[in-house]
Novice: 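Below you'll find the structure I mean.
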Amino acid sequence: MNVMTPKFGLGASALRKEDDAFIRGRGCYTDDETRPGILHAVVVRSPHAHANFTITDVEAVRSAPGVHLVLTHADVAELGDVPCQALLEQPDGSKVSARDIPVLCRDVVRHVGDAVAFVVAESATQAADAVELLVVDYEPLPVVADIETATANGAAPVWPDSDGNIGGHLNMGDKQRTEEAFANAPRVTEITLRQNRLVCNYMELRSALGEWSQDEDRWILTTGSQGVHGIQSVLAKKVLKVDPSKVRVVTKDVGGGFGTKAFLYREHVLVLVAAKRLGRPVKWTGDRGEHFVSDAHGRDNVVTARMATDEDGRFLALDIDLYANMGAYLSQNGPFIPYLGMSMAPGLYDIEAVNVDCHLVYTNTVPIDAYRGAGRPEASYLIERLVDRCARDMGLAREEIRRKNFIRPDQLPYTTAVGRMYDTGDFQGHLAEAMRQSGWQEFEARRESAKEQGKLRGIGMATYVEACAFAGSEPAYAELTPAGRIELKIGTQSNGQGHATAYAQFVAEALNLDYDLIDVKQGDTDDTPTGGGTGGSRSIPLGAVSVRRASQTLADKIKKLAANELEASIGDIELDGGTARIVGTDRSIDFAAIAAAAPSAEDRKAVGEFKQDEATYPNGTHICEVEIDPETGTIEILAYTIVDDFGVTVNPMLLAGQIHGGVAQGIGQALLENAVYDEDGQLVTASFMDYAMPRAWDLPFFAFKTRNVPSTTNALGIKGAGEAGTIGAAPAVMNAVADALRPAGVDHIDMPATPLRVWEALQAAR
């Protein structure tokens with residue numbers, strides 16, 4: 001029997017509305033923007049990881065051809081620093097101390113790429129040429145570029161008053177109960193893992209255009225972001241020290257965000273300051289080299305975890321000791337990222353006692369902040385590698401130990417030992433389905449066949465859960481315009497996910513309207529009074545519910561206006577393709593005429609808002625099968641199976657794209673990507689010549705399906721999906737790699753499992 005795909009609303013595989021403009025080259029990114037009289041800026045960045053410095057000659061730069069302005073710290077000293085917004089409480093009741101990012105450094109730089117000056121000229125070329133004339137005397141200071149060096153006895157301090165470069169201590173769980181469980185446990189399994197540092201590398205590099213409107217007495221910032229309201233608030237209140245109404249922030253098309261474009265950056269501030277002082281628009285656009293040393297990095301931690309088990313392999317307690325690299329400063333959400341990961345430490349397992357300690361570490365490196373998944377991939381990687389180690393120590397099959405310890409459906413809703421409340425799910429179900437889809441039971445025959453060919457074959461699984469769409473709301477504003485179109489405004493921000501399509505599905509469903517008559521607007525603080533932006537997979541679970549409510553309210557208003565014009569009962573009005581018609585007749589009125597008949601603009605507007613009290617919890621199973629050439633260490637992913645629970649699917653096509661992209665990033669971390677600093681704090685992987693990104697030939701075709709159990713915390717049952725692929729991928733891949741290497745005598749390997757690392761591990765084992 002053929003199942004009809006719905007045209008509108010939940011479940012429709014609608015094609016992306018936004019792609020027509022992109023394919024035709026009609027997208028508008030920040031660097032596409034220009035203005036009459038526009039000037040261009042370059043940031044002067046430190047070549048040293050740690051140094052005292054003095055700028056001894058600025059006049060030569062100011063007098064260079066085309067130069068209009070040179071800013072140093074003295075010129076912006078009245079501004080606030082770019083602040084950390086996540087100064088969390090420590091066990092002793094105190095809060096983590098602020099280590100905010102100066103707009104321009106005063107006399108000390110703390111990482112390669114730290115900003116010391118800002119030069120504005122008629123062209124970017126003239127600004128770059130003028131920078132060469134700036135005389136900066138650097139006095140190098142001792143450097144600590146990794147966690148081990150920074151926390152060693154007698155390590156050089158990144159900050160003079162920091163205690164051994166430890167910037168804070170966070171704790172979650174019940175330490176005493178966990179210690180008691182370990183003291184009485186028949187077995188204890190331990191693992192130490194390193195989470196490699198990642199550079200986001202979105203396609204569109206950061207750019208910022210600053211303007212000062214004399215008539216409006218306010219600044220206008222145009223920049224690629226993940227939400228304009230958050231940037232407006234921090235920029236105005238904390239840095240410029242003005243009311244937010246004095247700053248308008250605009251974001252148009254965005255070529256990738258992944259968390260890293262969610263924050264306020266120095267350049268946002270500097271283009272505005274320069275624009276006001278010069279009375280002309282000022283634009284800065286970074287290059288790929290700047291991206292590597294100035295945009296927030298992701299991950300980078302070292303963690304030791306222990307699991308206490310009984311004789312049957314049941315988990316009794318989990319203890320985690322985590323050292324999280326924060327870089328030289330605390331970025332906007334920096335400390336919150338490992339804290340969020342801590343809250344997901346138990347995964348899908350019923351563990352009664354959990355203790356997690358996290359130590360925030362300063363190093364002379366680029367600050368760390370959110371990168372796709374923001375703490376949850378780190379948590380999933382840790383628990384899934386540890387569970388595999390427990391299975392090995394106990395002599396149990398990997399699926400068996402998971403089944404023994406999964407939270408059962410009859411335990412749901414279930415509150416974990418670190419306070420997360422999982423509402424729904426069938427964890428045994430998606431594990432079984434993924435095993436069936438992947439041919440798990442027949443794998444050993446495939447392993448033997450590969451062995452005959454001189455190859456090492458392995459299979460690995462990861463069962464994951466994430467928290468996303470956190471408590472809160474995202475109001476939506478719908479309007480019937482005078483042209484007879486529907487305009488939807490909302491405070492999220494698409495970075496390529498397809499929001500315009502997903503939101504339009506709900507508008508189209510409520511008004512029985514074609515997608516091409518719906519205009520979705522995001523990214524302007526003048527359009528909506530508030531907006532939570534995009535991050536944590538919140539846009540659809542929260543935003544779509546609000547869009548549906550706004551659309552339904554607007555449909556009722558349009559019917560009421562049409563009924564008045566057609567002299568009919570509201571109950572007799574139906575909407576169809578941009579007209580309102582009396583059911584069963586040919587009497588109708590189009591949307592433009594209805595808009596013209598509205599007594600006021602408010603009569604053709606509607607607001608919808610859904611407030612959610614708890615996060616949602618997507619979960620699933622990933623299974624990866626790999627083959628390794630022991631002569632070269634090369635890894636090939638032969639098959640990749642995903643069975644996910646996203647509650648309710650809005651658009652299957654968009655969902656598959658999100659999952660494929662997330663898995664690609666997880667594979668990138670597992671096998672390829674690694675930001676490496678040398679002992680002098682120089683980023684030696686500061687370009688695509690040295691930093692390996694996943695390419696098409698690194699990725700398999702994915703087998704993806706959903707096995708959904710609707711959420712009870714979301715009004716539509718949606719759980720969110722934007723980060724899930726990344727969360728499940730790295731542990732599945734690395735468990736497969738470990739499974740392939742174990743028969744060859746390799747007991748452990750960290751990410752990224754590059755050919756060289758694999759080959760060296762095999763040689764050492766021989």
Novice: Between Thr285 and Asp31, does any side-chain donor sit less than 3.5 Å from a side-chain acceptor?
Specialist: yes

Novice: Report yes if the side chains of Tyr202 and His291 come closer than 4.5 Å at any heavy-atom pair, otherwise no.
Specialist: yes

Novice: I'd like to know if the side chain of Ser225 pairs up with that of Thr251 as donor and acceptor (distance under 3.5 Å, no hydrogens or angles considered).
Specialist: yes

Novice: Are Arg266 and Trp284 in a cation-pi contact, defined as NZ or CZ under 6.0 Å from the six-membered ring centre and within 45° of the axis?
Specialist: no

Novice: Identify the heavy atoms of Val43 and Glu267 that sit nearest to each other, and give their distance.
Specialist: CG2-CG, 4.0 Å

Novice: Excluding sequence neighbours, so at least two apart, what forms ring-ring contact (aromatic ring centres under 6.0 Å, His included) with Tyr691?
Specialist: Phe292

Novice: Could you report the tightest heavy-atom contact between Val271 and Ala208, atom names first, then the distance?
Specialist: CG1-O, 3.7 Å

Novice: To the nearest 0.5 Å, tell me how far Ser207 OG sits from Asp32 CG.
Specialist: 9.0 Å

Novice: Parallel, tilted or perpendicular, judged at 30° and 60°: which one describes the rings of Phe336 and Tyr339?
Specialist: tilted

Novice: Is there a side-chain contact between Tyr265 and Ile101 in this structure, where contact means two heavy atoms from C-beta onward sitting under 4.5 Å apart?
Specialist: no

Novice: Applying the side-chain contact (heavy atoms from CB on, under 4.5 Å) test to Lys261, which of Val254, Thr534, Asn495, Asp295 qualifies?
Specialist: Val254

Novice: Do Val758 and Leu741 come close enough that some side-chain heavy atom pair is under 4.5 Å?
Specialist: yes

Novice: Let me confirm one number: the CD1-NE2 distance from Ile55 to His73, rounded to the nearest 0.5 Å.
Specialist: 10.5 Å

Novice: Is Arg288 salt-bridged to Glu290, going by a charged N under 4.0 Å from an acidic O?
Specialist: no

Novice: Please assess Glu211 against Arg218 for the test salt bridge (charged side-chain N to carboxylate O under 4.0 Å, His left out), listing each intermediate value before the final yes or no.
Specialist: CA-CA 9 Å; Glu211 300 171 82; Arg218 66 172 179 168; over 6 Å; no

Novice: More than 12 foreign heavy atoms under 6.0 Å from CG of Asp243: is that the case here?
Specialist: yes

Novice: Under 3.5 Å, is there a donor-acceptor pair between the Thr304 and Thr192 side chains?
Specialist: yes

Novice: What verdict does the side chain to side chain contact (heavy atoms under 4.5 Å, CB included) test give for Val143 and Asp680, after you've listed the backbone C-alpha separation in whole Å, the side-chain angles of each residue and the deciding distance to 0.1 Å?
Specialist: CA-CA 6 Å; Val143 171; Asp680 296 320; 5.6 Å; no

Novice: So which heavy atom on Gly113 is nearest to which on Arg45, and how close?
Specialist: O-NH1, 3.3 Å

Novice: Which atom pair, heavy atoms only, marks the closest approach of Val733 to Leu671?
Specialist: CG1-CD2, 3.8 Å

Novice: For Ser94 and Gln90, test the side chains for any donor-to-acceptor distance below 3.5 angstrom and give the result as yes or no.
Specialist: yes

Novice: Roughly how far, to the nearest 0.5 Å, is the OG1 atom of Thr30 from the CD atom of Glu204?
Specialist: 5.5 Å

Novice: Any side-chain donor-acceptor pair under 3.5 Å between Tyr323 and Glu148?
Specialist: no

Novice: Checking Tyr677 against Asn364: is there a side-chain donor and acceptor pair closer than 3.5 Å?
Specialist: no

Novice: If you measure from the Lys or Arg side-chain nitrogens to the Asp or Glu carboxylate oxygens, is any gap between Arg757 and Glu760 under 4.0 Å?
Specialist: no

Novice: Does the plane of the ring in Tyr138 sit parallel, tilted or perpendicular to the ring in Phe53? Use 30° and 60° as the thresholds.
Specialist: tilted

Novice: Is a donor from one side chain sitting under 3.5 angstrom from an acceptor on the other, for Thr54 and Asp137?
Specialist: no

Novice: Under a plain distance cut-off of 3.5 Å, with no hydrogens placed, do His297 and Arg197 share a side-chain donor-acceptor pair?
Specialist: yes

Novice: Take Leu170 and Val96 through the test side chain to side chain contact (heavy atoms under 4.5 Å, CB included) and record every step on the way to the result.
Specialist: CA-CA 9 Å; Leu170 308 175; Val96 172; 4.1 Å; yes

Novice: Any luck finding a side-chain donor-acceptor pair between Tyr329 and Asp114 under 3.5 Å?
Specialist: yes

Novice: With no hydrogens and no angle check, do the side chains of Arg206 and Thr260 hold a donor and an acceptor under 3.5 Å apart?
Specialist: no

Novice: Which pair of heavy atoms, one from Leu330 and one from Cys84, lies closest together, and at what distance?
Specialist: O-CB, 3.5 Å

Novice: Ignoring hydrogens and angles, state whether a donor on the side chain of Gln195 or Gln669 is under 3.5 Å from an acceptor on the partner side chain.
Specialist: yes

Novice: Looking at every non-hydrogen atom in both residues, tell me the closest pair between Val42 and Ala124 and how far apart they are.
Specialist: CG2-O, 4.0 Å

Novice: Which donor-acceptor pairs under 3.5 Å do the side chains of residues 75-83 make with protein atoms, sequence neighbours left out?
Specialist:
unit_1: Asp75; atom_1: OD2; unit_2: Thr72; atom_2: N; d: 2.8
unit_1: Asp75; atom_1: OD2; unit_2: Thr72; atom_2: OG1; d: 3.2
unit_1: Glu78; atom_1: OE2; unit_2: Arg277; atom_2: NH2; d: 3.4

Novice: Just by distance, with hydrogens left out, do Ser331 and Asp369 show a side-chain donor and acceptor under 3.5 Å apart?
Specialist: yes

Novice: What's the verdict on side-chain hydrogen bond (donor to acceptor under 3.5 Å, both in side chains) for Asn301 and Arg194, showing C-alpha distance, side-chain angles and the deciding distance?
Specialist: CA-CA 6 Å; Asn301 58 58; Arg194 176 180 294 277; over 6 Å; no

Novice: When rounded to the nearest 0.5 angstrom, what distance separates CD1 in Ile147 from CG in Asn325?
Specialist: 5.0 Å

Novice: Check the pair Thr365, His111 against side-chain hydrogen bond (donor to acceptor under 3.5 Å, both in side chains), reporting the backbone distance first and the verdict last.
Specialist: CA-CA 5 Å; Thr365 63; His111 68 85; over 6 Å; no

Novice: Within the 3.5 Å criterion, strictly below it, is a donor on His40 or Ser123 matched to an acceptor on the partner's side chain?
Specialist: no

Novice: Looking at Tyr29, does the NZ or CZ of Lys252 lie under 6.0 angstrom from its six-membered ring centre and within 45 degrees of the ring axis?
Specialist: no

Novice: Using only heavy-atom distances, determine whether the side chains of Asn355 and Asn171 contain a donor-acceptor pair under 3.5 Å.
Specialist: yes

